[in-house]
Amino acid sequence: MNLNVIEEAKDLLPGGVNSPVRAFKAVEGNPISLVKGKGCRVWDAEGKEYIDFLASWGPLILGHSHPRVVGRVKEEAEKGLTYGLTNPNEVILARLVVDTVPSVEKVRFVSSGTEATMSAIRLARGYTGRRYIVKFEGCYHGHYDSLLVSAGSGVATFGIPGTPGIPEEIAKLTIVLPYNDIEAVKETFRRYGEDIACVIVEPVAGNMGVVVPEVEFLRFLRDITKSYGSLLIFDEVITGFRLSLGGAQEMFGIEPDITCLGKILGGGLPVGAYGGRNDIMSHVAPEGPVYQAGTLSGNPLGMVAGIETISVLREENPYEELDRKMSVLSESISEILGEKGIVHTINRIGSMMTVFFTEKDVRNFADAKSSDTKLFGRFFRKLLEKGVLIPPAQFEAWFVGTAHSTEDINEALERIRDATKGL
Ligand code: PMP
């Protein structure tokens, strides 16, 4: 049954998927199709069960089918699916965002993380009247043309397109620098500072695997953007409501000008947002001239899933507990790999982590790329066979959520121990 779905999908969808990583190419595996999720477990079409550390790439901090989230969505769906005009739930979720995310005074809801970052960049350009944007190598901000640009080697290299379909003229407006590299940023601002609209950064990187920033690096970004009149954008699509209720900015005590949100914000439904200071957000249409719109923006089902998810997080404040659980998982995996003599580095912060197969400290994308991705592929496939689902690619984050109990973590560790036997 599972096989048929996957085979038929290949005829009908490019690569058999609607998002490339789902094809398991990076781990040379056979993709699975999932049909059910409950708590921290998911089931494939053949009925095989997995303990899930993918969490749909981050949104499911409360686990699958949380009764409060599902209940509220069902209730709202009975009333109507979309109106295309303002619904009270948009105001309730906006209030929650403004109350919890330190730097956000006003927010615009969109339907994905990509839309959030794309719109934030447009706003930064519109607000400053400048062209260039700075991003960091290995940070992913969705598939918007200006952000899907990889670095050439060296410092302050103007971007080359990361995929066919992006004209060089557009890619050239994106400057790509190494993460955690203050000198590279300093040099770039010295040369182009007056033309830089914004710096966009994952305040904790999750898309080169987890890479924790040096706090001085984030502080430096805050200071240099301010002194040149550029905007600082924190892409908290992963870290928002995950590292703390107020995200990485609350954890590090550093406030960006614009924040991008997604994933947990929509509790498993397609919701993104960008928000920030009043004087900046007032440039967004119809209050200001920077145009951005969406038929399904602020969709009532997405709004109530977000409201319920953030309300549960607020009531339960699970962050210390999540940190403890992930620290047990990461330290135990390190022990298991250590016993086998497998060289590895685990980067962890709060409830997100990545296992790299390298002896290096991983503090930027170049370090991350030193990981043995073939070995990661074998590790992934063994884990999957034993019923543990982790992201099907090296450069991604694993997540734990409130639904992973101590027993679940222990059971996962047993399966992981078993899986590494033949590694
Ligand atoms: N920013 C970050 C930090 C992300 O991790 C992602 C997606 N993984 C995005 C933006 C894009 O979000 P979406 O896939 O919802 O468009």
Side-chain angles (χ1 to χ4, degrees), residues 13-15 17-23 26 57 108-154 156-179 185 188 192 195-202 205-208 225 230-238 256-263 270-276 280 283-285 289-297 365 393 395-396:
L13 309 169
V17 293
N18 282 307
S19 198
V21 272
R22 298 179 194 172
W57 306 89
R108 167 62 60 85
F109 292 114
V110 292
S111 301
S112 69
T114 296
E115 252 189 285
T117 57
M118 175 182 80
S119 311
I121 296 288
R122 182 182 305 137
L123 175 59
R125 283 178 166 149
Y127 179 83
T128 59
R130 299 175 180 182
R131 295 191 301 164
Y132 289 112
I133 65 176
V134 172
K135 78 174 280 287
F136 296 93
E137 195 187 7
C139 283
Y140 177 74
H141 304 291
H143 62 87
Y144 173 47
D145 286 0
S146 292
L147 293 170
L148 207 59
V149 173
S150 69
S153 56
T157 312
F158 281 106
I160 49 161
T163 163
I166 300 178
E168 232 179 275
E169 290 82 350
I170 288 176
K172 273 190 180 140
L173 299 177
T174 302
I175 301 171
V176 186
L177 303 176
Y179 199 73
V185 179
T188 299
Y192 311 107
D195 291 321
I196 294 173
C198 62
V199 172
I200 184 167
V201 66
E202 288 183 79
N207 286 293
M208 47 182 131
T225 45
S230 311
L231 298 187
L232 178 62
I233 303 176
F234 274 6
D235 179 351
E236 298 229 40
V237 167
I238 289 180
D257 300 299
I258 304 177
T259 300
C260 299
L261 298 165
K263 301 203 190 244
V271 179
Y274 61 108
I280 298 171
H283 280 65
V284 177
V290 179
Y291 194 74
Q292 184 273 311
T295 303
L296 294 176
S297 294
F365 194 37
F395 305 114
E396 303 289 350

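Excluded from the calculations below are hydrogen atoms, water molecules and symmetry mates; all remaining heavy atoms, backbone and side chain alike, are included.
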Do [X] and [Y] come within less than 4.5 Å of each other through their side chains, counting heavy atoms only?
X      : Y      : value
Ile133 : Ile233 : no
Lys135 : Asp235 : no
Thr128 : Cys198 : no
Leu147 : Met118 : no
Val134 : Thr225 : no
Val21  : Trp57  : yes
Ile170 : Ser146 : yes
Leu13  : Asn18  : yes

* Asked: Between Arg122 and Tyr291, is there a donor-acceptor pair closer than 3.5 Å when you use the side chain of the first and the backbone of the second?
  -> yes
* **Side-chain donor/acceptor of Asp257 to backbone N/O of Leu232, under 3.5 Å** => yes
Nearest-0.5 Å distance, [atom1] of residue [X] to [atom2] of residue [Y]:
X      : Y      : atom1 : atom2 : value
Leu123 : Leu231 : CG    : CG    : 7.0 Å
Phe234 : Ile258 : CZ    : CD1   : 12.5 Å
Thr117 : Ile200 : OG1   : CD1   : 5.5 Å
Cys260 : Ile238 : SG    : CD1   : 12.5 Å
Tyr144 : Ile166 : OH    : CD1   : 10.0 Å
Ile280 : Tyr274 : CD1   : OH    : 12.0 Å

Please give me the minimum heavy-atom distance between [X] and [Y], naming the atom from each residue.
X      : Y      : answer
Val185 : Leu177 : CA-CD1, 3.8 Å
Val110 : Ser297 : CA-OG, 4.0 Å
Ala116 : Ala273 : CB-O, 3.3 Å
Phe136 : Val176 : C-CG1, 4.1 Å
Lys172 : Tyr132 : O-CE2, 3.6 Å
Cys139 : Glu202 : CA-OE2, 3.2 Å

* Structure fact -> Taken in chain and number order and not counting sequence neighbours, the residues that satisfy side-chain hydrogen bond (donor to acceptor under 3.5 Å, both in side chains) with Ser119 are none
* **Donor on one side chain, acceptor on other, Arg108 and Gln292, under 3.5 Å** =>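 Yes, side-chain donor-acceptor contact under 3.5 Å.
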* Assess whether atom NE2 of His143 is packed by more than 12 heavy atoms of other residues, nucleotides or ligands within 6.0 Å. => no
